[in-house]
Amino acid sequence: MILAFALILTTLLVFIYRRYIPVGGIENMPLHSVSWNHKAVVFVDTRDFQLSSRDPIECAYQLPIPYLKRYIHEIPSDKPVVIIASDYKDKNLGARFLKKKGINIIGYHMLKEERKGDYDHAI
């Protein structure tokens, strides 16, 4: 009984850690502050296809979280990466997976937060 409880608790803590605890060493980077020279920085758009197709980012690899494992070979590992995400959960999951595979993550950009501010001014 205690072993089952410890196993369930450990699984729950790992789940919470992967999704909600911020990844160290990466910072929020507004897209206008990052060099758009795709030879220096690689952008990986981890938003869902429904969101990324409505508001595409030029020169970004569109790889939603479920597709990262399958298409990781398309991301150059010799260049620093900036993750474009719609929320913190996607940012954390993507950054942890890419770091585990040896890719240098230098920052992230949250597109959803920027859009909220734009809509507030329109009302």
Side-chain angles (χ1 to χ4, degrees):
M1 183 71 154
I2 294 175
L3 182 62
F5 177 73
L7 184 63
I8 291 171
L9 183 63
T10 303
T11 305
L12 181 65
L13 290 175
V14 168
F15 178 80
I16 291 171
Y17 173 76
R18 284 185 182 161
R19 291 179 179 263
Y20 301 110
I21 304 299
V23 179
I26 64 173
E27 60 185 45
N28 189 3
M29 303 176 97
L31 286 180
H32 63 274
S33 72
V34 180
S35 169
W36 277 97
N37 183 359
H38 66 276
K39 294 179 182 176
V41 175
V42 174
F43 295 98
V44 177
D45 190 351
T46 61
R47 298 176 294 159
D48 291 331
F49 281 125
Q50 293 85 1
L51 294 173
S52 63
S53 64
R54 277 188 261 148
D55 189 16
I57 306 285
E58 293 179 30
C59 302
Y61 291 89
Q62 292 183 346
L63 296 173
I65 298 296
Y67 293 91
L68 276 178
K69 186 175 184 180
R70 189 181 315 166
Y71 295 104
I72 192 161
H73 64 277
E74 293 184 4
I75 302 170
S77 60
D78 60 336
K79 298 177 185 173
V81 171
V82 174
I83 293 178
I84 300 167
S86 59
D87 59 10
Y88 286 102
K89 178 187 61 89
D90 287 346
K91 184 254 316 177
N92 290 335
L93 286 172
R96 284 189 207 289
F97 179 76
L98 293 174
K99 277 190 161 197
K100 186 171 88 173
K101 296 296 181 179
I103 295 177
N104 180 23
I105 310 293
I106 60 169
Y108 68 92
H109 179 72
M110 302 292 262
L111 225 52
K112 195 175 195 178
E113 286 181 353
E114 184 176 284
R115 299 293 184 238
K116 275 187 200 174
D118 292 344
Y119 294 136
D120 290 342
H121 296 294
I123 295 176

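When a residue number appears, it is its place in the shown sequence, counting from 1. Remember, predicted model here, so these are calculated numbers, not experimental data.
- What you find for D87 and D90 is that their closest heavy atoms are OD1-N, 3.0 Å.
- Side-chain N or O atoms of R47 include none that pairs as donor or acceptor with a backbone N or O of L111 at under 3.5 Å.
- The distance from atom CG of L68 to atom CD of E74, rounded to the nearest 0.5 Å, is 10.5 Å.
- V42 pairs in a side chain to side chain contact (heavy atoms under 4.5 Å, CB included) with only one of the listed residues (S77, P76, P80), which is P76.
- Considering CZ of F49 and CD of Q62, their distance stands at 6.5 Å, rounded to 0.5 Å.
- Between L98 and the options I83, T46, N104, L93, a side chain to side chain contact (heavy atoms under 4.5 Å, CB included) holds for only I83.
- A chain of hydrophobic side-chain contacts below 4.5 Å, direct or via other Ile, Leu, Val, Met, Phe, Trp or Tyr residues, connects V81 to Y61.
- R96 places a side-chain N or O within 3.5 Å of a backbone atom of Y17 that can act as its donor or acceptor partner.
- Using modelled atom types, one side-chain atom of N92 and one backbone atom of R19 make a donor-acceptor pair closer than 3.5 Å.
- Of the options E27, M29, K91, a side chain to side chain contact (heavy atoms under 4.5 Å, CB included) to Y108 is made by K91 and by none of the others.
- With hydrophobic clusters built from ILVMFWY side chains whose heavy atoms lie under 4.5 angstrom apart, I57 shares a cluster with I106.
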Item to check | Evaluation steps, side chain to side chain contact (heavy atoms under 4.5 Å, CB included), between Y71 and H73 | outcome: CA-CA 5 Å; Y71 295 104; H73 64 277; 4.2 Å; yes
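- Residues T11 and L7 approach most closely at OG1-O, 2.8 Å, considering heavy atoms.
- Atom CG in L63 sits 5.0 Å away from atom CD1 in I75 (nearest 0.5 Å).
- The OG atom of S86 lies 8.5 Å from the CG atom of D45; values are rounded to the nearest 0.5 Å.
- Following chains of ILVMFWY side-chain contacts shorter than 4.5 Å, one cannot reach I16 starting from V23, and the two form parts of different hydrophobic clusters.
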